[in-house]
Protein chains: 2
Amino acid sequence: MDELRQELKIRGYRLTSQREAVLRAIYEGACTQSVEEIHERAKQWLPSLGLTTVYRTLELLKHARKVQEIYLGDGKVRYEPILETHHHHLICQVCGKVEPVEGCFLSPFEGATLVRNGFQILGHRLELYGRCRDCQEG
Amino acid sequence: MDELRQELKIRGYRLTSQREAVLRAIYEGACTQSVEEIHERAKQWLPSLGLTTVYRTLELLKHARKVQEIYLGDGKVRYEPILETHHHHLICQVCGKVEPVEGCFLSPFEGATLVRNGFQILGHRLELYGRCRDCQEG
DNA sequence: AAACCTATTGAAAATAATTTTCATATATCA
DNA sequence: TGATATATGAAAATTATTTTCAATAGGTTT
């Protein structure tokens, strides 16, 4: 949270109770949350928090690389915190649950440039789809 | 296209000029296209085609596993055809261009079950972010 | 080929998510 | 504490997507 304070100061932004509430909601909530869910959770600490402010704060945190967007196929964008531990997702195609998996064999390629077309790789995202234990029949 | 005809028949759907136009637009267009783009392209062959029908056809093709959704962070969902050749994407963070990359070392894990939590992997998606050749300074 | 029946279509209306506007409130700094 | 520019909440506006419904047109049967 202190780190955030620094980040904001550097960029000329202000640290407000709204921003703290949204950030806390993101970090304490599920792996991925919709804007509505983040809003609900954050209102625990700050009941007067407006939905518009949640949208604005998420935009801010996205630029500050504190959160990441993820789209699961229903009409709404979800957000998750960018943690120190790089991870990917297991997405159950039956119940929709999202679980994180740590460990990644792609990290060594960060910074690499592909010979075929000169594309320089700076990051990646991997989503594994399938069925969680609870959703396997038989 | 004949394959599609079969697919539709099996499911009790009809093969209409609209559906053919949308499918053709998807296959002949860029790697990923927005609904609006698909609509514009398809109107070349069928000017009377309505946007609603494009949405409906994409939903149909999604269920028939002919197309896949992808979200690039602007507010709209994009679609791409599911081709026989499994591939992933190189997404330029500067200009937004999307290029396909073939070859995938994750395929052997399809069907595998993770020991840690019993999750059965059935498919995956990998997106590589970075800078395309044209967008690298220096 | 004509008739039938049901799936499909286009346009407009409705919805849902997200963004913009604007007057008010409040962090931050002198 | 006061000045000031940024941030906020509510409402309005916008944008993407879905639903409604009367009209159309596949595909099958005769």
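Just so we're on the same page: letters track the sequence lines, and every chain starts at 1.
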Both B:T16 and B:T52 contact DNA chain C. Taking the nearest nucleotide for each, which residue is further toward the 5' end?
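This one resolves to B:T16.
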Is there a donor N/O on one and an acceptor N/O on the other, under 3.5 Å, for the side chain of A:R14 and the base of C:dT28?
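Donor-acceptor pair under 3.5 Å: no.
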Ignoring hydrogens and angles, answer whether the base of D:dG26 and the side-chain atoms of B:R19 contain a donor-acceptor pair closer than 3.5 Å.
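Result: no qualifying N/O pair found.
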To the nearest Å, how far apart are [X] [atom1] and [N] [atom2]?
{"X": "B:E36", "N": "D:dT15", "atom1": "CD", "atom2": "P", "value": "12 Å"}
{"X": "B:L51", "N": "C:dA13", "atom1": "CG", "atom2": "P", "value": "16 Å"}
{"X": "B:L46", "N": "C:dT8", "atom1": "CG", "atom2": "P", "value": "16 Å"}
{"X": "B:L58", "N": "C:dT8", "atom1": "CG", "atom2": "C1'", "value": "15 Å"}
{"X": "B:Y13", "N": "C:dT9", "atom1": "OH", "atom2": "C1'", "value": "16 Å"}
{"X": "A:E59", "N": "C:dT18", "atom1": "CD", "atom2": "C1'", "value": "10 Å"}
{"X": "A:R78", "N": "C:dT18", "atom1": "CZ", "atom2": "P", "value": "10 Å"}

Could you check which of D:dA16, C:dG10, C:dT19 has an atom nearest any side-chain atom of B:K76?
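For B:K76, the side-chain atoms sit closest to D:dA16.
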For the side chain of A:Q18, starting at C-beta, report the closest nucleotide among C:dT19, C:dT28, D:dT8.
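Closest nucleotide among those given: D:dT8.
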Could you work out how much the helix from C:dA1-D:dT30 to C:dA30-D:dT1 bends, comparing the axis of its first five pairs with that of its last five, to 10°?
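Between the first-five-pair axis and the last-five-pair axis there is 40°.
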Taking the basic N atoms (NZ, or NE/NH1/NH2) and the acidic carboxylate oxygens, is any pair closer than 4.0 Å for A:K62 and A:E59?
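Looking at A:K62 and A:E59, the cut-off is met.
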Can you see if the side chain of B:Y55 gets near the phosphate of D:dT18 - specifically, an N or O under 4.0 Å from OP1 or OP2?
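So the side-chain polar atoms of B:Y55 never come under 4.0 Å of the phosphate oxygens OP1 or OP2 of D:dT18.
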Whether B:H86 and B:H124 hold their rings parallel, tilted or perpendicular, with breakpoints at 30° and 60°
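It falls in the perpendicular class, over 60°.
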